[in-house]
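Numbers for residues simply follow the sequence, beginning at 1.
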Amino acid sequence: MTTSPEQMKFGVRKPDTTKAKFSLPKTPKEVHEHEGPYWLEGMVSLTEVVRSFSQGQEGSQDDIPGRLALGSAVGRIVMIGEMIYGERDWYCSDETEHPEKSVKKLLPDSYPTGGDFHDLRRFLEKFRPIFQKAEEGHRPYEREEIKRKLHDVWVEIAANFDLGSYFRQSMMTNTNGIMLPSGKTATSEDVAMIAKRIIDERFDTLVMNDPDYYGVYQPGFAFRMLIEGKIRHLYARPDKIDVWKSYQATTQGREKKGQIVTKIMVGDFKNSRRELFENPNSPRGKAIRLTRMVNENIARKFDWNLLVRNSRTHGWSRKSQRVFLITSDTPDSFPPDQTGTRFICFNEEGEEMILEMPRLTTEEKELATQDLRDYFAKAA
């Protein structure tokens with residue numbers, strides 16, 4: 001596969017397999033910069049762009065910022081639960097017998113770009129002994145056993161990652177073009193209530209993990225674009241990517257038999273009902289359309305070769321970060337008919353939670369692209 005010059009220059013290393021093994025992300029002081037950092041010129045986040053779509057809607061209640069904050073909190077809660085259950089074969093085993101299966105060595109495979117990597121690693125290491133034990137008559141890696149223990153650690157998960165602040169954030173309302181506090185919070189549920197609801201009522205559907213896929217959680221992507229003669233970067237961070245295990249013999253066999261069609265699925269967790277994503281003409285229509293376009297691009301382009309270790313943004317904070325860099329000459333890794341995108345709606349039950357999205361039409365992509373260009377034009 002041809003890799004663009006940016007990846008060849010700034011990438012961590014060229015992997016020998018589809019699923020590369022990367023070293024532990026380093027702190028800024030440890031980063032070796034003999035090639036210099038990759039500067040993310042004019043970078044804005046997808047969250048910022050989506051939030052801007054709610055401005056200027058006179059007389060409408062702006063629920064987008066509140067839902068975005070809530071989505072971040074729920075995404076963090078669910079990610080840790082899915083990580084523990086999805087990696088239960090080694091996470092719930094005794095690490096003294098298998099030192100190669102340590103959190104430090106294996107976490108980069110599923111959490112490659114997180115800025116709070118070290119905090120997450122310490123958290124998983126702290127609670128691992130709890131998940132290595134089981135009640136009499138049970139095994140540590142049983143689903144019910146893991147669910148029961150998740151109840152015990154959920155509150156500390158929230159405290160460690162300051163999730164409570166998301167739920168106290170005030171929602172805004174648009175009054176004559178001016179954004180003012182509405183007096184409402186993002187949700188009437190607190191962290192513990194939402195966690196209990198997801199564990200008790202949604203967890204079984206959520207963790208129906210397929211042995212033919214591995215999960216990559218909250219990976220950061222930077223899209224390099226040339227807009228009005230200037231280099232711009234759009235930062236996006238989907239909640240999860242499910243990628244087929246091309247290195248696994250049994251998965252290869254099922255793929256040859258035609259039993260595996262979708263090889264990569266990009267998804268976002270939403271504490272919402274599916275109807276919000278089914279109506280393209282809703283107030284959230286522009287935000288959903290742009291998010292889908294970005295996720296479709298991620299699904300087609302995703303490749304471990306694209307990982308850049310030392311990227312930075314201009315400003316007072318020059319902290320080094322890891323991102324998957326996608327440029328105009330980044331080739332597709334997967335054809336469109338082998339990719340998919342979806343939203344996971346936590347206010348639905350069972351299979352209704354999972355809303356797989358059809359691919360955008362050419363017209364819809366053009367509209368989403370124009371929305372993005374309009375945003376950058378206003379921000380200039």
Side-chain angles (χ1 to χ4, degrees), residues 1 3 7 11-25 46 71-72 74-91 101 103-121 123-124 206-223 235-248 251 260 262-269 291 294-309 311 321-326 330 332-334 338-344 354 356:
M1 178 178 293
T3 307
Q7 281 83 37
V12 175
R13 71 175 176 87
K14 185 177 181 180
D16 298 322
T17 61
T18 301
K19 185 185 180 186
K21 300 291 184 180
F22 290 97
S23 59
L24 183 69
L46 179 61
S72 298
V74 171
R76 169 65 66 181
I77 289 174
V78 173
M79 181 190 75
I80 292 176
E82 275 211 344
M83 274 186 174
I84 291 174
Y85 185 78
E87 306 296 341
R88 62 193 180 281
D89 59 331
W90 65 265
Y91 187 77
K101 295 184 177 181
V103 175
K104 179 178 179 179
K105 290 181 178 180
L106 295 179
L107 185 57
D109 289 341
S110 56
Y111 197 59
T113 65
D116 57 352
F117 181 96
H118 298 281
D119 291 336
L120 180 59
R121 188 200 80 200
F123 182 87
L124 291 173
L206 186 65
V207 298
M208 290 190 301
N209 55 320
D210 193 305
D212 292 316
Y213 296 85
Y214 66 90
V216 181
Y217 294 91
Q218 296 186 349
F221 289 85
F223 290 84
Y235 179 82
R237 195 179 185 189
D239 287 310
K240 185 185 180 186
I241 303 180
D242 288 305
V243 188
W244 77 306
K245 296 178 179 178
S246 60
Y247 54 87
Q248 186 169 273
T251 300
I260 296 177
T262 301
K263 294 186 176 179
I264 184 167
M265 178 72 72
V266 179
D268 280 304
F269 303 136
T291 301
V294 170
N295 286 352
E296 285 184 8
N297 273 278
I298 290 173
R300 294 199 320 274
K301 307 289 185 182
F302 181 75
D303 186 339
W304 287 94
N305 278 304
L306 306 180
L307 187 61
V308 173
R309 182 186 69 190
S311 66
Q321 59 183 320
R322 292 159 65 98
V323 298
F324 288 95
L325 177 64
I326 295 178
T330 301
D332 285 356
S333 300
F334 300 90
Q338 294 180 0
T339 67
T341 63
R342 65 186 173 196
F343 293 106
I344 310 298
I354 303 173
E356 297 195 7

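Ile326 and Lys301 make their closest contact through CD1-CB, 3.7 Å (heavy atoms, listed as atom of the first residue, atom of the second, distance). Nearest heavy-atom pair across Arg322 and Thr113 is O-CB, 3.2 Å. When all heavy atoms of Asp268 and Arg237 are compared, the pair lying nearest together is OD1-O, 4.4 Å. The minimum heavy-atom distance linking Thr330 with Leu325 is given by the pair OG1-O, 4.3 Å. Nearest heavy-atom pair, Thr251 versus Pro211, reported as atom, atom and distance to 0.1 Å: OG1-O, 4.5 Å. Across all non-hydrogen atoms, the minimal contact from Phe302 to Phe334 is O-CE1, 3.6 Å.
Side-chain N or O atoms of Thr339 include none that pairs as donor or acceptor with a backbone N or O of Ala299 at under 3.5 Å. In terms of modelled atom types and a separation under 3.5 Å, the side chain of Arg121 and the main chain of His118 share no donor-acceptor contact.
Using bins of under 30°, 30° to 60° and over 60° for the plane-to-plane angle, the ring pair Phe324/Trp304 lands in the perpendicular bin.
Side chains of Asp239 and Val266 form no contact here, defined as non-hydrogen atoms less than 4.5 Å apart. Side-chain contact between Asn297 and Phe223 is present, with at least one heavy-atom pair separated by less than 4.5 Å. Side-chain contact between Leu124 and Tyr111 is absent, with no heavy atoms from C-beta onward closer than 4.5 Å. For the pair Phe117/Pro112, no side-chain contact is recorded, criterion being any heavy-atom separation below 4.5 Å from C-beta on. Residues Leu106 and Trp90 have side chains in contact (heavy-atom distance under 4.5 Å, counting atoms from C-beta outward). Between Ile298 and Pro238 the shortest side-chain heavy-atom distance falls below 4.5 Å. Using a 4.5 Å heavy-atom cutoff, the side chains of Asp116 and Phe123 are not in contact.
Not counting sequence neighbours, Tyr213 has no partner by the ring-ring contact (aromatic ring centres under 6.0 Å, His included) test. With sequence neighbours left out, the side-chain contact (heavy atoms from CB on, under 4.5 Å) criterion links Glu356 to Met265, Arg342, Ile354.
Going from atom NZ of Lys263 over to atom OG of Ser333 covers 11.5 Å, rounded to the nearest 0.5 Å. Put simply, CG on Leu107 and CD on Glu87 are 9.0 Å apart, with the number rounded to the nearest 0.5 Å. Atoms CD1 and OG, from Ile241 and Ser110 in turn, are 12.5 Å apart once rounded to the nearest 0.5 Å. Within the model, atoms OH of Tyr217 and CE of Met83 stand 6.5 Å from one another, a figure rounded to the nearest 0.5 Å.
Ion pair Lys245/Asp212 not flagged as a salt bridge, since none of the NZ, NE, NH1 or NH2 atoms sits closer than 4.0 Å to an Asp/Glu carboxylate oxygen. By the 4.0 Å N-to-carboxylate-O rule, Asp242 lies close enough to Lys240 to be salt-bridged with it.
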Tell me, with the steps shown, if Val323 and Tyr235 meet side-chain contact (heavy atoms from CB on, under 4.5 Å).
CA-CA 9 Å; Val323 298; Tyr235 179 82; 4.0 Å; yes
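Geometrically, Arg88 engages Tyr85 in a cation-pi contact defined by less than 6.0 Å to the ring centre and at most 45° from the axis.
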